[in-house]
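Worksheet: one structure, shown below.
Heavy atoms only: backbone and side chains are in, while hydrogens, waters and symmetry mates are out. Residue numbers start at 1 and run along the sequence shown. Ligands are counted one by one from 1 in listed order, and the atoms in each one are counted from 1 as well.
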Amino acid sequence: MRVDIVSIFPEYFAPLDLSLIGRARANGVLQLAVHDLRTWTHDVHRTVDDTPYGGGPGMVMRPEPWGGALDALAPAEAPPPRLLVPSPAGVPFTQAMAHELAAEPHLLFACGRYEGIDQRVLAHAATRMPVTEVSLGDYVLFGGEVAVLVVLEAVTRLLPGVLGNAGSLDEESHAHGLLEAPIYTKPPSWRGHDVPEVLRSGDHGKIARWRREEGLLRTAARRPDLLAALPADQLDKRDIAA
Ligand SMILES: COc1ccc(Cn2ccc3ccc(-c4cc(N)[nH]n4)cc32)cc1
């Protein structure tokens with residue numbers, strides 16, 4: 001997978017050389033390039049923002065530098081990337097979207113700052129590539145960089161060969177639309193708290209049932225919205241009644 005990121009703070013992405021993403025880059029699973037939006041400015045002050053039409057607080061990112069960046073990184077003669085633009089007004093980012101993005105050959109992230117990017121940048125881009133405005137949640141950040149780090153981590157860990165034990169993808173929270181069960185390791189008793197006996201029983205069927213029930217109970221208590229969204233065939237009413 002190829003990933004291009006455009007930002008006025010390219011140094012924000014130094015952490016991407018660490019850990020699993022660093023390994024994905026080293027083993028060629030991920031080709032990542034970070035670009036400074038100011039590369040595509042042409043004035044002496046390398047201006048990227050201006051005052052908003054219609055008034056209002058703050059500044060808006062000018063369309064011209066973004067136009068130059070997208071022309072350079074999504075040239076007409078190449079297959080178009082998927083453009084992802086973090087925004088408080090975006091569609092919610094979910095594990096399902098992470099899986100969808102992990103199947104894309106080329107992702108292009110546009111990191112806004114100030115009050116956001118002139119909407120015409122997205123409108124023009126949409127004439128030649130898929131554009132998705134994505135939100136991390138109902139809270140407001142200073143810019144898109146943190147959101148890109150989150151989206152990129154969620155997507156990269158789904159790429160083949162990135163996670164050592166692929167099985168861990170199957171059982172984690174949100175893998176089946178539910179939250180995962182509590183997890184434990186040695187010692188069997190710690191400060192008066194014991195590991196649930198069932199997990200030390202060696203009975204894998206019993207353990208699998210316990211984990212599903214605990215996941216359902218957690219989901220019902222913390223994220224009833226996820227429970228409501230489960231397809232009917234995935235939830236036996238007895239599961240909750242138990
Ligand atoms: C119109 O209201 C605002 C508009 C933008 C901003 C600051 N800002 C600038 C670019 C940018 C990109 C993403 C986000 C963001 C995404 C989520 N889930 N929260 N915040 C915030 C962003 C503040 C307020």
Exercise. Is the number of heavy atoms from other residues, nucleotides or ligands under 6.0 Å of Glu64 CD greater than 12?
Worked result: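 Atom CD in Glu64 is packed in, count exceeds 12.
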
Exercise. Would you find more than 12 non-hydrogen atoms of other residues, nucleotides or ligands less than 6.0 Å from Leu18 atom CG?
Worked result: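 Check passes, neighbour count above 12.
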
For this session: Determine whether the side chains of Arg82 and Thr132 contain a donor N or O and an acceptor N or O closer than 3.5 Å.
Result: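 Result is yes, a qualifying pair exists.
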
Problem set entry | side-chain contact (heavy atoms from CB on, under 4.5 Å) partners for Asp138, two or more places apart |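 With sequence neighbours excluded, Asp138 shows a side-chain contact (heavy atoms from CB on, under 4.5 Å) to no residue whatsoever.
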
For this session: Decide whether Tyr184 and Leu179 are clustered together by the hydrophobic rule: side chain heavy atoms of Ile, Leu, Val, Met, Phe, Trp, Tyr closer than 4.5 Å, transitively.
Result: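 No; Leu179 is not reachable from Tyr184 via cluster members.
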
For this session: Identify whether Val151 and Tyr139 are in the same connected component of the hydrophobic contact network (ILVMFWY, side-chain heavy atoms under 4.5 Å).
Result: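 Same hydrophobic cluster.
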
Distances for all N or O pairs of ligand 1 and the protein under 3.5 Å?
from: ligand 1; atom 1: 18 (N); to: Ser135; atom 2: OG; distance (Å): 3.2
from: ligand 1; atom 1: 18 (N); to: Leu136; atom 2: N; distance (Å): 3.0
from: ligand 1; atom 1: 18 (N); to: Gly137; atom 2: N; distance (Å): 3.4
from: ligand 1; atom 1: 18 (N); to: Gly137; atom 2: O; distance (Å): 3.2
from: ligand 1; atom 1: 19 (N); to: Tyr139; atom 2: O; distance (Å): 2.6
from: ligand 1; atom 1: 20 (N); to: Leu141; atom 2: N; distance (Å): 2.9

